[in-house]
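Residue numbers start from 1 in every chain, and the chains themselves are labelled A, B, ... in the order their sequence lines are given, proteins ahead of strands. Side-chain atoms are counted along with the backbone in the values below, which use heavy atoms only and exclude waters and symmetry mates.
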Protein chains: 2
Amino acid sequence: MLSKRQLLILQVIIDEFIKTAQPIGSRAISKKEEVTFSPATIRNEMADLEEMGFLEKTHSSSGRIPSEKGYRFYVDHLLNPVHLSTEDRHVISSVFDRDMVEFEQVIQNSVSMLSDLTNYTSIILGPEVYETTLKQLQIIHLSTTTAVAILVTSSGHVEHRSFTIPQAINPHDLEKLVNILNERLVGVPIIHLDKRLKQELTHILDHYIQDINTAFNYLKGALLDQQPTNIYVGGITNMLLQPEFNDVAKIHSLYSVIEKEDIMANILRSEDRGIHISIGHENQMIEMSDCSLITATYSLKGNQYGTIALLGPKRMEYSRVVALLNALSGQMTNTFHNW
Amino acid sequence: MLSKRQLLILQVIIDEFIKTAQPIGSRAISKKEEVTFSPATIRNEMADLEEMGFLEKTHSSSGRIPSEKGYRFYVDHLLNPVHLSTEDRHVISSVFDRDMVEFEQVIQNSVSMLSDLTNYTSIILGPEVYETTLKQLQIIHLSTTTAVAILVTSSGHVEHRSFTIPQAINPHDLEKLVNILNERLVGVPIIHLDKRLKQELTHILDHYIQDINTAFNYLKGALLDQQPTNIYVGGITNMLLQPEFNDVAKIHSLYSVIEKEDIMANILRSEDRGIHISIGHENQMIEMSDCSLITATYSLKGNQYGTIALLGPKRMEYSRVVALLNALSGQMTNTFHNW
DNA sequence: AATTAGCACTCGAAAGAGGTGAGTGCTAAC
DNA sequence: GTTAGCACTCACCTCTTTCGAGTGCTAATT
């Protein structure tokens with residue numbers, strides 16, 4: 001168990017290191033006004049804290065920096081729930097005061113606001129579509145041989161894809177097919193669409209369509225093949241401002257992960273509801289082991305939810321970020337529920 | 001006027017520097033088999049070339065590196081039109097052999113192919129929409145108070161936006177309005193849509209709609225307000241691999257420009273048809289003064305055209321890049337014309 | 001018994017010194 | 001006109017030295 005004094009010292013060290021990114025020495029700590037004891041005492045305590053694994057030295061005679069265990073303890077026990085500064089709150093509400101009517105607009109604005117506010121990289125994962133249903137299926141002919149298929153979901157998401165109509169398919173048949181599908185598939189959850197599409201098609205096979213398989217494959221290809229990348233990233237270059245990343249090799253390996261949307265989406269998706277913090281090697285990707293990732297979830301109507309996250313150095317402003325994410329996720333949830 | 005020998009030396013230096021990024025000395029040049037004269041002679045010629053501004057030294061006793069004027073001369077006069085290597089040609093055609101039916105698909109594939117092939121950053125600007133016309137306008141109701149407006153262009157582009165239907169507007173009126181607009185506006189070029197929309201609306205004002213202005217503003221907001229970002233970037237992290245950019249400050253200032261889509265779009269848009277090369281300070285943005293930008297245009301049916309570009313260090317593989325861009329722009333043009 | 005002053009010690013960072021080698025410019029010989 | 005020869009330059013490397021901020025330990029103080 002840590003003594004009260006040890007807690008105080010740990011807190012001061014981490015707070016200070018978050019600000020300066022420099023190892024903290026005993027003298028610097030003793031100058032803090034909330035600290036009443038001498039450097040020598042602090043040195044003893046620091047030695048103990050290091051032995052327990054909460055602190056590290058960069059070299060044998062340097063000041064201390066927090067270890068990952070130290071950060072973990074800090075976020076678990078020392079994070080007094082700081083209230084948002086009025087400026088922060090102001091910025092957030094000014095964004096949400098605007099009349100935003102589109103989902104992507106909210107996300108985009110939130111992403112850039114978050115990264116501007118924090119100087120970290122912000123990542124937002126759109127909601128999972130479990131409960132979204134098909135609203136309308138539509139084919140619009142562009143010419144005799146090309147058309148664009150449009151799929152609208154109950155959440156207002158629009159997916160589209162143009163394709164060439166193969167010779168084997170009679171355009172008229174295609175239209176009939178779409179009509180029938182609309183009749184039967186509207187209201188079906190998107191994730192079941194694939195299965196239902198096949199069902200319905202075999203059902204009505206004989207009646208209308210000559211070459212059902214070709215038509216099906218085309219429709220399917222047009223509508224369901226491409227996994228929509230549901231992820232929004234802002235302030236990637238902010239990482240370049242952090243002193244821990246002024247090494248091109250580090251930046252490169254980090255960027256190569258952030259760039260991979262499917263990987264990032266998976267990471268964010270795997271987090272629980274509420275706030276979650278991954279510090280250094282707690283992250284799934286080794287490339288992110290110099291970073292911390294803080295995630296929060298927002299929700300839409302009908303139990304759908306998405307994730308907002310901030311990626312920064314391990315030395316993040318945890319309390320402020322947590323407060324920001326809380327506020328933002330609240331605002332987003334609010335906005336979406338009012339639609 | 002440059003002597004034949006000077007031309008040869010200049011060429012060798014630039015070719016070599018492009019490969020190695022190291023200053024080239026007289027001894028190294030004399031070892032090239034096409035060079036028959038001694039280091040001393042070469043030193044004299046190099047001194048002349050430097051005096052004329054084609055070469056530079058990094059310090060008083062270093063080898064020479066090309067100046068921007070040197071590069072300019074090189075691309076203007078020394079670029080023997082190298083044919084594409086069979087591998088390069090193979091990669092390009094393998095991408096275009098796939099059946100690509102959607103515009104964005106072609107662009108996306110091209111962008112990533114270009115950056116993979118060259119290790120530079122590739123940027124593609126979608127075509128200007130001068131001659132694209134409205135194919136269909138559509139409103140799909142999601143609930144009693146929300147709807148998504150969809151606009152399909154003759155080129156297969158789909159623009160969409162969800163919005164809340166304000167109380168002031170009778171949903172039925174909205175539908176009528178859309179029907180009428182469809183009747184009258186299909187075939188109108190997108191860039192005139194704004195004007196024509198207003199015209200038509202005032203025209204039919206009395207007959208159908210009660211609160212025309214609100215409806216108009218909503219429709220306009222839904223469809224025309226947001227400028228679609230028409231720009232695709234690939235391989236940004238490739239810049240990190242170039243030795244001239246292993247300085248975080250440089251990377252940061254460069255990335256901050258590339259990130260601004262509107263700026264990049266403007267730069268690309270301003271280039272002429274055909275191949276164009278901007279070297280170092282010839283670039284519009286000072287942040288890009290360590291870079292060269294090579295642009296080429298591709299065309300769609302009906303005089304629309306777009307731009308493909310590669311951004312790399314000044315020390316780019318000009319001849320290969322020009323050949324690549326030529327081939328790619330040809331392939332793209334071809335593909336689009338066949339649709 | 002806990003705290004603190006004092007002091008020797010450690011180590012990185014910065015600054016300086018010397019050596020090396022790849023390069024140059026110039027001059028004189030070919 | 002070309003080239004060999006040579007003195008010179010300068011970045012880069014390595015090796016020292018110095019400096020200071022920090023430590024750990026011991027002994028004195030409270």
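For the pair B/Thr295 (side chain) and B/Leu268 (backbone), a donor-acceptor distance under 3.5 Å is absent.
The aromatic rings of B/Tyr255 and A/Tyr255 lie parallel to each other, their planes meeting at an angle below 30°, with 60° marking the opposite boundary.
Each end of the helix from C/dA1-D/dT30 to C/dC30-D/dG1 gets its own axis from five base pairs, and the two axes differ in direction by 20°, given to 10 degrees.
Considering only side-chain atoms of B/Ser60, the nucleotide from D/dT3, D/dC10, C/dC11 that sits closest is D/dC10. Distances were taken from every side-chain heavy atom of B/Ser38 (C-beta onward) to each of D/dT3, D/dG22, D/dC10; the shortest belongs to D/dT3. The listed nucleotides are C/dA22, D/dG24, C/dG12; the one nearest the side chain of B/Ser61 is C/dA22. Among the nucleotides D/dG24, C/dA5, C/dT24, the one closest to the side chain of A/Ala40 is C/dA5. Each of C/dT4, C/dG12, D/dT23 was ranked by its minimum atom distance to the side chain of A/Phe37; first place goes to C/dT4. Among the nucleotides C/dT24, C/dG6, D/dT9, the one closest to the side chain of A/Arg43 is C/dG6.
Nearer the 5' end of DNA chain D, as judged by each residue's closest nucleotide, is the contact made by B/Arg5, out of A/Pro23 and B/Arg5. Residue whose closest nucleotide on DNA chain C sits further toward the 5' end, between B/Asn44 and B/Gly63: B/Gly63.
Among the atoms of the strands shown, only primed sugar atoms or phosphate atoms (P, OP1, OP2) are found under 4.0 Å from some heavy atom of A/Ser26.
Taking side-chain N and O atoms only, A/Thr41 has a distance below 4.0 Å to OP1 or OP2 of C/dT4.
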